[in-house]
Every structure is written in structure tokens, then in C-alpha cells.
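Keep in mind it's a predicted model, so treat the numbers as computed, not measured. For the single chain, residues carry numbers from 1 onward in sequence order.
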Amino acid sequence: MSRNDFRKTILGVFFFLLLSDIAFAQKFRAGLITGFTTSQVSGDQLGGFDKSGFEFGGLVAIPVSQKFDFSFQIVFIQKGSKKPFNAEQGDYSYYLLRLNYIEVPFLLQYNFSKNIQFEAGPTFGKLISSKEEDEHGQIPAPKEFRSFDLGAMFGMNYMLFTNFYICLEGSNSLFPIRDADIEGGRDQYNSVLMFSLKYVFNKKTGVQ
């Protein structure tokens, strides 16, 4: 991801939060999201959530009823796949795939209790950069990645204290992010686990 793309992402998130706060201050609750990701790409013949990354962005929560909220988010998120060295077994092969997205989840949130909230919904991602490398350096992509990623997200939010949530979320692509590169191979899909902290402005103590 270039510095220019990084700056645009930050400006976009803060513009999104500012506009939401000004236009919908009475009904909407704005917030910030930051955290870590661990991911894999199903279909690349590698196993395990070995690719680490981070996410950050903003959210707007809309109360729908006493038990349900609707959350709209815009985040920068890192996905991909990784095969580390295994010197103990004499395996010095290496692979790293970096995928950077601007992602927009639309989540229905269920207020299970005063401190626990479950959420699920679709998520739409726009690929802004990709890079593959092995033990010899950067390698050309055998096939291009699709520019968009439509997936499903689910998760749980736990209120640590007023305005602060700790969150565990997962998402998976519904459609391939890249077609199989060889005959008889498998299409590839993103699978991501997210561990994040959310701060929601003007949030009352406990879920109503």
C-alpha cells in the first residue's frame, strides 16, 4: 500500500465519521475501530491462519429497537496468506501474499445482554493492492485477483467499560478472489479472524 493510498484511507475514515456525527448526531452513534487480523487463503494449498495484519477505520451504529442495532463500517484491512520457514524440518521454502482492502461491512447487531452483542451480515471489499513473494523475492501473480471481495461476517462484541468494546470477528469470501491457476486446482477465498477494540462515542453504559 502506497503512502498516498494510506493518507486517502485515513482522510476518508475521518471524513466519514465527521459527516455522520454532524448529520445524524441525534440518532446515530459514531465510533472508531482498530485491531489485528490473522488470515489465510482457502485454495492455495497452505493451511493455517499464519498471515498477520491490522485493521482500522470507523463505524456508525443505528439503534433499530431495544434488542437490535444496525452497524455500517468503513475499514482498511490487511488479508493474505503465509508459509514461514521451517528450518527444523529442513524446509526453507517461503511464501507471502499481501492483500490490502478497503472494506464496508453492513452488520445487524443483536443485544444479547447489557455487555454482550452478537453481529452478522455481508461485507464488501475493494482491493487496493496485492503482492506475492517467495524465498527469492517478489514473484508475478499467476492470475490476477478480482478487484472486489464479497463476503459474510459474524462476530461478538463485549463491553469492557463505558464506550469500549473488545471484539472477535470472522469473515469469509462468498465468491472466489482468484480463479484456480492450474487445471484441476482450486479457486481461492479469503478467510480472516479479527481481534479489535471499538470505541463508540456517546454510548450509554450497557447495551439498552
Side-chain angles (χ1 to χ4, degrees), residues 1 5-6 9 33-57 73-105 107 116-158 165-198:
M1 184 182 187
D5 288 336
F6 188 79
T9 301
I33 306 168
T34 184
F36 297 95
T37 65
T38 179
S39 61
Q40 66 175 7
V41 172
S42 302
D44 66 357
Q45 300 181 344
L46 302 176
F49 289 80
D50 296 317
K51 170 65 174 66
S52 60
F54 69 92
E55 67 167 340
F56 70 88
Q73 304 176 11
I74 179 169
V75 297
F76 167 80
I77 184 168
Q78 294 183 314
K79 305 181 183 183
S81 179
K82 183 178 181 180
K83 178 194 176 298
F85 295 104
N86 192 338
E88 293 182 357
Q89 297 185 5
D91 181 4
Y92 294 96
S93 62
Y94 174 79
Y95 175 77
L96 176 64
L97 168 63
R98 296 186 180 96
L99 298 171
N100 295 323
Y101 288 88
I102 297 295
E103 195 159 79
V104 182
L107 303 175
I116 298 175
Q117 191 178 61
F118 295 101
E119 61 187 15
T123 179
F124 181 79
K126 175 66 171 71
L127 182 66
I128 57 176
S129 66
S130 64
K131 184 178 181 181
E132 289 181 270
E133 58 185 72
D134 61 13
E135 63 274 16
H136 303 296
Q138 188 170 350
I139 58 177
K143 278 200 173 181
E144 292 297 321
F145 288 95
R146 290 190 169 95
S147 58
F148 297 98
D149 181 20
L150 178 63
M153 181 181 289
F154 53 90
M156 184 185 76
N157 304 320
Y158 179 78
Y165 286 87
I166 188 169
C167 312
L168 173 62
E169 298 165 316
S171 69
N172 202 87
S173 302
L174 296 176
F175 301 98
I177 60 169
R178 182 164 67 175
D179 296 332
D181 59 350
I182 59 173
E183 185 176 352
R186 297 175 55 195
D187 294 340
Q188 296 183 353
Y189 300 80
N190 281 319
S191 297
V192 188
L193 295 176
M194 294 151 278
F195 308 89
S196 56
L197 184 68
K198 295 180 183 177

Mind checking ring pair (Phe, Tyr, Trp, His ring centres under 6.0 Å) for F175 and listing every partner two or more places apart, or none if nothing turns up?
-> none
Kindly determine whether L97 and V41 satisfy side-chain contact (heavy atoms from CB on, under 4.5 Å), including the steps that lead there.
-> CA-CA 9 Å; L97 168 63; V41 172; 3.9 Å; yes
Criterion salt bridge (Lys or Arg N to Asp or Glu O under 4.0 Å) against D149, the qualifying member of K79, K126, R178 = K79
K83/D134 under salt bridge (Lys or Arg N to Asp or Glu O under 4.0 Å): CA gap, chis, key distance, verdict = CA-CA 9 Å; K83 178 194 176 298; D134 61 13; over 6 Å; no
side-chain contact (heavy atoms from CB on, under 4.5 Å) evaluation trace for L99 with L127 | CA-CA 7 Å; L99 298 171; L127 182 66; 4.1 Å; yes
Qualifying ring-ring contact (aromatic ring centres under 6.0 Å, His included) pairs, either residue in residues 118-149, two or more places apart = F112-F118, F124-F148
Sorted by chain and number, sequence neighbours left out, ring pair (Phe, Tyr, Trp, His ring centres under 6.0 Å) with Y94 holds for F85
Taking all atoms of both residues into account, what is the closest heavy-atom pair of S81 and L46, and its distance?
-> OG-CD1, 3.7 Å
Correct closest heavy-atom pair for E169 and K198 would be OE2-NZ, 3.2 Å
Could you walk me through whether F36 and S52 pass the side-chain contact (heavy atoms from CB on, under 4.5 Å) test, one step at a time?
-> CA-CA 7 Å; F36 297 95; S52 60; over 6 Å; no
Mind listing the closest non-hydrogen atom pair of N157 and C167 along with its distance?
-> OD1-SG, 3.1 Å
For the side chain of E55 and the backbone of G35, is there at least one donor-acceptor N/O pair under 3.5 Å apart?
-> no
Of all heavy-atom pairs between D179 and K143, which one has the smallest distance, and what is that distance?
-> O-CD, 3.9 Å
Side chain R146, main chain P176, donor-acceptor under 3.5 Å = yes
Using atom types as modelled and distance alone, determine if a side-chain donor or acceptor of E135 lies under 3.5 Å from a backbone N or O of S93.
-> no
Which pair of heavy atoms, one from L197 and one from Y165, lies closest together, and at what distance?
-> CD1-O, 3.0 Å
S39 side chain to G80 backbone, donor-acceptor under 3.5 Å = yes
Between the main-chain N or O of I33 and the side-chain N or O of S196, is there a donor-acceptor pair closer than 3.5 Å?
-> no
Will you find, in the side chains of N190 and Y101, an N or O donor that is under 3.5 Å from an N or O acceptor?
-> yes
Quick check: are there more than 12 heavy atoms from other residues, nucleotides or ligands sitting under 6.0 Å from CD1 of I139?
-> yes
